[in-house]
2 protein chains.
Amino acid sequence: MASLERALDVLAHLHEFGDAAGVTQIGRALDLPKSTVHRLLVPLVDRGWVERREDGRYRPGMMLVSLGLGVLEREPLVVAAQPVLESTAQRVEQTVFLATARAGRILVLDKREGTGFLRASPRIGAEIPSHATAIGKLYLAFAPQLVSSASAPRFTAATSSIEELQNAELSLIQTRGWATNREEWISGLVGFAAPIRFDDRLVGALAMAGPASQLPATDAARLSSEVVGAAHAIEARLKRGSK
Amino acid sequence: MASLERALDVLAHLHEFGDAAGVTQIGRALDLPKSTVHRLLVPLVDRGWVERREDGRYRPGMMLVSLGLGVLEREPLVVAAQPVLESTAQRVEQTVFLATARAGRILVLDKREGTGFLRASPRIGAEIPSHATAIGKLYLAFAPQLVSSASAPRFTAATSSIEELQNAELSLIQTRGWATNREEWISGLVGFAAPIRFDDRLVGALAMAGPASQLPATDAARLSSEVVGAAHAIEARLKRGSK
DNA sequence: GTAGATGTTCCGTATTTCGGAACATAATTC
DNA sequence: GAATTATGTTCCGAAATACGGAACATCTAC
């Protein structure tokens with residue numbers, strides 16, 4: 001399956017590179033001959049997965065847009081969360097986002113950003129670490145089997161390791177039903193997260209994140225109850241949607 | 001390149017099917033043996049392009065979301081149009097969308113929907129026909145080499161063929177600088193579109209669409225000047241962004 | 001429990017993919 | 001302008017890979 005894997009490597013590279021790339025550049029980056037790269041690109045271009053520009057350079061194509069947005073449209077959790085994300089972000093005036101676990105990784109599914117100059121700005125589709133974020137800790141507390149702890153680097157001085165999280169904070173999260181992150185992932189970034197359940201299973205989490213200066217610890221009661229309320233609203237919409 | 005093409009077929013099928021599918025169903029749909037389908041799916045699952053559910057069925061994965069949204073984030077036209085789409089949609093209270101030509105096809109890049117119960121709801125990434133829509137006619141009038149007229153079916157009784165459009169309406173569009181669609185694509189659907197240029201080249205179009213009852217011909221002057229104004233605003237933002 | 005349906009694994013063989021070299025085009029240097 | 005360099009495209013004999021039928025594992029229906 002080397003051929004298909006190489007094609008996927010090419011696509012991933014085009015995405016990460018960010019600019020249109022020629023076969024020589026792609027070949028250098030992936031250690032592949034120009035002719036191989038070119039041969040892989042031909043069907044990708046024919047079918048719209050890659051776009052060939054007039055200058056002979058290549059970039060990701062609109063087929064990715066169609067299929068990518070198709071994933072989100074068909075995800076019941078995303079559909080149910082949409083209006084709740086909207087209203088919650090407006091009410092708290094901070095970035096609110098939705099995430100879930102997929103193949104052991106926690107990925108951002110949707111978001112509504114705050115309007116401040118300094119704001120949290122997660123990328124949809126991006127992974128967030130399980131041990132150093134509010135959402136990650138929720139998963140570790142309620143459904144640790146759904147997340148992989150293979151990689152747990154220390155991001156900041158405040159980062160706890162998986163072992164350190166074992167009893168103290170996870171028990172607290174289980175008791176009160178929400179989690180928080182205080183600059184454990186990114187300096188200055190604070191977050192609150194609440195679990196979203198369907199059929200008694202953890203299917204995702206709703207989080208709010210922003211600069212520490214705007215989410216003071218003294219506001220924790222209000223902020224946590226906002227995310228818990230939002231998560232409940234999403235749960236209710238999920239239940240209604242399954243009729 | 002049969003292997004890669006088959007994998008792309010599988011992905012396209014999963015997208016179109018809309019629900020999670022098993023190898024047998026995919027194999028039947030694509031006339032491929034189960035084992036071939038399964039073998040193609042393995043690296044797709046490993047890398048996140050396809051998600052395998054617990055019940056052994058497969059659906060498109062989050063890698064598509066990352067890359068698809070990456071395409072839109074990096075498209076200067078989409079970035080420039082975003083605030084303009086927002087404000088225009090609010091002002092006219094109808095669906096406003098952005099489209100461009102890619103490999104001879106006209107594709108929707110972004111949109112902001114009206115809030116009416118009855119509204120136009122284009123799908124981002126979807127193709128719109130060139131001969132039966134306002135945007136398509138803009139391209140035929142100003143840059144016909146960018147669009148393919150290979151397929152020009154009659155959608156409604158109002159649809160004109162490419163030949164019928166040759167002189168009469170295209171000249172008018174060239175003269176007044178905007179185009180309209182009066183139920184030529186979909187019965188009851190009316191649209192107005194204005195060209196977006198950069199460096200004297202047509203790079204896209206801004207359109208407004210909605211039910212005929214809400215976009216009366218008597219309102220054409222106001223509506224067309226809205227889309228023309230919005231297109232100019234996007235052009236200005238494009239020019240500013242290229243410094 | 002049996003039969004049928006469906007996802008997963010295996011391996012000899014046919015098919016496909018590979019990549020160096022030639023070619024075509026564009027850009028740079030003198 | 002000519003020569004050189006850089007880069008995208010095409011070609012084809014040989015090596016590598018993908019193929020798919022069959023066996024296997026698991027689940028569902030009667």
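Chain letters run A, B, ... following the sequence lines, proteins first and then strands; every chain starts at 1. Any value given below was found using the heavy atoms of this structure, including those in side chains, with hydrogens, waters and symmetry copies removed.
- A straight line from CD of B/Q25 to P of C/dA5 spans 16 Å, rounded to a whole angstrom.
- Using a 4.0 Å heavy-atom criterion, one finds that A/S35 contacts the bases of the nucleic acid, with or without backbone contacts as well.
- Summarising the geometry, the separation between NE2 on A/H38 and C1' on C/dA24 is reported as 12 Å, rounded to the nearest angstrom.
- Atom pair B/L4:CG and D/dA16:P shows a separation of 21 Å (rounding to whole Å applied).
- If you measure from atom CG of B/L32 to atom P of C/dG7, you get 14 Å, rounded to the nearest angstrom.
- For A/H131 and A/F155, the distance between ring centers is under 6.0 angstrom.
- As rounded to whole Å, 14 Å separates atom C1' of C/dA26 from atom CZ of A/R57.
- For B/T36 and D/dG20, the shortest distance from a side-chain N or O to OP1 or OP2 is below 4.0 Å.
- A donor-acceptor pair shorter than 3.5 Å can be found between the side chains of A/S121 and A/E113.
- Counting any heavy atom pair closer than 4.0 Å across all strands shown, A/R52 reaches sugar-phosphate atoms only and no base atom.
- Within the 4.0 Å cut-off from OP1 or OP2 of C/dA5, not a single side-chain nitrogen or oxygen of B/R28 is found.
- Side-chain atoms of B/K111 do not come within 3.5 Å of backbone N or O of B/R123 as any donor-acceptor pair.
- A/D55 places a side-chain N or O within 3.5 Å of a backbone atom of A/R57 that can act as its donor or acceptor partner.
- We find that CG of A/D46 is positioned 14 Å from C1' of D/dT9, with the value rounded to whole Å.
- Protein atom CG of A/D55 is 9 Å distant from nucleotide atom P of D/dG8, rounded to whole Å.
- Among D/dG20, C/dG7, D/dT7, the nucleotide with an atom closest to any side-chain atom of A/T24 is D/dT7.
- Side chain of A/Y139 to backbone of A/A101: a donor-acceptor contact under 3.5 angstrom is found.
- Within the structure, a side-chain polar atom (N or O) of A/Y58 is placed less than 4.0 Å from OP1 or OP2 of D/dT9.
- When rounded to the nearest whole Å, the span between NZ of B/K34 and P of C/dT9 equals 13 Å.
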